[in-house]
Amino acid sequence: MNILSANLFRVGVTCAALLALSCVPAHAETARWSPTAANAWYAKQRWLVGSNFLPTDAINQFEMWQADTFNPSEIDKEFGYAEGIGMNTMRIFLQDQLWAQDPEGFKKRINIVLDLAAKHHIKPMLVLFDSCWDPNPKLGPQHPPTPGVHNSGWVQSPGTAGLLDEAGWGRYESYVKGIVGAFARDDRILAWDVWTEPDNQGGGNYQQLDEATKTAQVAKLLPQVYAWARTQDPIQPLTSGVWHNDDWSPNGKLNAVERVQVDQSDVISFHSYDWPERLEERIKSLQPYGRPLIMTEYMARGNGSTFDSALPMARKYNVGAINWGFVLGKSQTNLPWDSWEKPYTKSQPTLWFHDIFYADGKPYRPAETAQIKAMTAEAEKAFRKK
């Protein structure tokens, strides 16, 4: 990693005017934040509590953002549900093909969503890339939800073809620099999650890349994504969440992708859909890095990850907590992961897997929303006393 880090943070030098007869730096790539800087940033934040967000009427990132299906009034309404229970962040996914399709329109729609979020006192974390589910994303009209199946329309970014086409990675450089550059000084944004579960093989019933090939390709591209984002000198921290290991400590057996994630993130993020005992182990394995911790995915009721078990643990260790699933909708993430093998078409599961609200704003479990509201109110009170 020493050689890799040196390459990532090299200082670009370019010649100035020929008459100057000297060379001067045109743009120095900014370095990873120090632990001191990261912790100073975190100390200014409220206790971060929110959800991974997709509006009820969208099956995936394309339907949320494309001009024909973009629905700011629905997003506004659902952000209101979040504000009502004290949530102050949302993790929102972008997609590289949206930039290629219409960069100016995409930026305009992002700006609209950021305005709506600010109206509801929410600072979103924006996600640039994602390795989960459909590996063949296609712009345009999206297929309807597959009956009884969890997240049947979610798409990867980049897809398999793009990940294998190293000669074409320049388009991802354009996307990262274009999006991060447009909002690099925007204090409405909390942070940039550069890649969700980058070494996830994909899941579902799709023809996916084999694990070794995907891990190798991502290990080449992920450091470049961090470097491209840093050239824009964002005021927001960069992160990418580790997700599938039991020991993420400095001495843990991290693979090549995980090593990039923990070595390049300004703040450390992670996913945990397990029982609270495992969650605590994972938090403790990450504490030696001395950086703020944000759990960017959790809460799968049937898996033992619930609000009443995870939120108190996160609060105890001052860890941000962003659960998967907000409003029941076309993503069908109230259904469990095993619905890919046995679709819930004849009967619904006994327990919702993800999600908090029905589309009309009624809570699935009022006790959960009451707990979230009480805990965020207590945290806000403590924050204001600082």
Side-chain angles (χ1 to χ4, degrees), residues 27 29-30 50-55 57-79 82 89-130 137-142 154-159 162 168-196 221-222 224-240 266 296 322 326:
H27 185 90
E29 292 184 4
T30 57
S51 289
N52 284 268
F53 181 79
L54 184 71
D57 59 355
I59 194 172
N60 59 19
Q61 308 94 308
F62 288 145
E63 282 198 339
M64 176 174 177
W65 291 109
Q66 287 186 129
D68 289 347
T69 48
F70 182 61
N71 188 352
S73 62
E74 180 62 37
I75 294 168
D76 184 24
K77 180 174 69 175
E78 295 183 22
F79 282 171
T89 188
M90 289 277 148
R91 185 165 174 255
I92 303 177
F93 290 74
L94 310 180
Q95 219 284 345
D96 66 272
Q97 291 185 27
L98 293 161
W99 174 263
Q101 177 192 50
D102 178 17
E104 293 306 314
F106 191 23
K107 287 189 292 185
K108 189 176 296 184
R109 289 186 284 278
I110 291 173
N111 192 61
I112 291 170
V113 169
L114 292 176
D115 275 343
L116 293 174
K119 168 185 171 183
H120 294 287
H121 310 289
I122 290 167
K123 293 184 71 171
M125 175 183 288
L126 299 184
V127 185
L128 296 174
F129 294 105
D130 185 351
K138 294 180 178 63
L139 291 162
Q142 303 297 295
W154 196 262
V155 294
Q156 296 184 32
S157 175
W169 284 359
R171 62 183 177 272
Y172 305 129
E173 179 178 6
S174 173
Y175 163 59
V176 172
K177 289 182 175 180
I179 289 291
V180 176
F183 299 98
R185 319 308 293 175
D186 197 325
D187 63 5
R188 294 173 299 174
I189 295 173
L190 177 72
W192 299 97
D193 188 332
V194 301
W195 202 322
T196 291
L221 182 55
L222 180 59
Q224 297 182 61
V225 175
Y226 276 103
W228 295 331
R230 291 198 197 284
T231 65
Q232 305 307 301
D233 195 18
I235 62 172
Q236 313 91 351
L238 308 182
T239 192
S240 175
D266 300 316
T296 49
I322 305 175
F326 190 58

Under the rule for salt bridge (Lys or Arg N to Asp or Glu O under 4.0 Å), what residues qualify as partners of Lys107, not counting sequence neighbours?
Glu104
Taking NZ, NE, NH1 and NH2 as the nitrogens, is one of them in Lys119 or Asp76 under 4.0 Å from a carboxylate oxygen of the other?
yes
Which pair of non-hydrogen atoms, one from Phe53 and one from Glu78, has the smallest distance, and what is that distance?
CE1-OE1, 3.4 Å
Reported OG-to-CE distance for the pair Ser51 and Met90, which is rounded to 0.5 angstrom:
4.5 Å
Measure the CD1-CD1 distance between Ile189 and Ile110 for me, rounded to the nearest 0.5 Å.
7.5 Å
Using modelled atom types only, decide if a donor and an acceptor are shared between the side chain of Ser157 and the backbone of Gln95 within a distance under 3.5 Å.
no
Between the main-chain N or O of Met125 and the side-chain N or O of Gln236, is there a donor-acceptor pair closer than 3.5 Å?
no
Is the shortest distance from a Lys or Arg side-chain nitrogen in Asp187 or Lys123 to a carboxylate oxygen in the other one below 4.0 Å?
no
Could you check whether Asn71 and Ser73, counting side-chain N and O atoms only, form a donor-acceptor pair closer than 3.5 Å?
yes
Donor-acceptor contact below 3.5 Å, side chain Trp192 vs main chain Tyr226:
no
Between Ile92 and Gln61, does the side-chain contact (heavy atoms from CB on, under 4.5 Å) criterion hold? Intermediate values first, please.
CA-CA 9 Å; Ile92 303 177; Gln61 308 94 308; over 6 Å; no
Option passing ring pair (Phe, Tyr, Trp, His ring centres under 6.0 Å) with Tyr175 (candidates Phe106, Trp228, Phe129):
Phe129
From Lys77 NZ over to His120 NE2, what is the distance, rounded to the nearest 0.5 angstrom?
11.5 Å
Could I get the full list of side chain to side chain donor-acceptor pair (under 3.5 Å) partners for Trp99, not counting sequence neighbours?
Ser174
For residues Ala229 and Val180, report the shortest heavy-atom separation together with the two atoms involved.
O-CG1, 3.9 Å
Evaluation steps, side-chain contact (heavy atoms from CB on, under 4.5 Å), between Phe62 and Thr69:
CA-CA 8 Å; Phe62 288 145; Thr69 48; over 6 Å; no
So, does Thr89 use its side chain to make a donor-acceptor pair with the main chain of Gly50 at under 3.5 Å?
no
Does any non-hydrogen side-chain atom of Val113 lie less than 4.5 Å from one of Phe79?
yes
Separation of Gln66 CD from Asp102 CG (nearest 0.5 Å):
10.0 Å
Would you find a donor on one side and an acceptor on the other, under 3.5 Å apart, between the side chain of Arg188 and the backbone of Pro124?
no
Please report the closest heavy-atom contact between Leu139 and Gln142, naming both atoms and the distance.
C-NE2, 4.0 Å
Separation between CG of Leu114 and CD1 of Ile122, rounded to the nearest 0.5 Å:
11.5 Å
Closer than 3.5 angstrom, by distance alone: can the side chain of Glu74 be matched with the main-chain N or O of Phe70 as a donor-acceptor pair?
no
Please name the pair of heavy atoms, one in Asp96 and one in Pro158, separated by the smallest distance, quoted to 0.1 Å.
OD1-CA, 3.6 Å
If only atom types and distance count, is the side chain of Trp169 paired as donor or acceptor with the main-chain N or O of Gly162 below 3.5 Å?
yes
Which atom pair, heavy atoms only, marks the closest approach of Pro72 to Leu116?
O-CD1, 3.4 Å
Check against side-chain contact (heavy atoms from CB on, under 4.5 Å), Ile322 and Asn52
CA-CA 6 Å; Ile322 305 175; Asn52 284 268; 3.7 Å; yes
Looking at every heavy atom in both Leu54 and Trp154, which two are closest together, and how far apart are they?
CD2-CZ3, 3.8 Å
Closer than 3.5 angstrom, by distance alone: can the side chain of Gln97 be matched with the main-chain N or O of Pro137 as a donor-acceptor pair?
yes
Rounded to the nearest 0.5 Å, the CE atom of Met64 sits from the CG atom of Asp57 at a distance of 9.5 Å
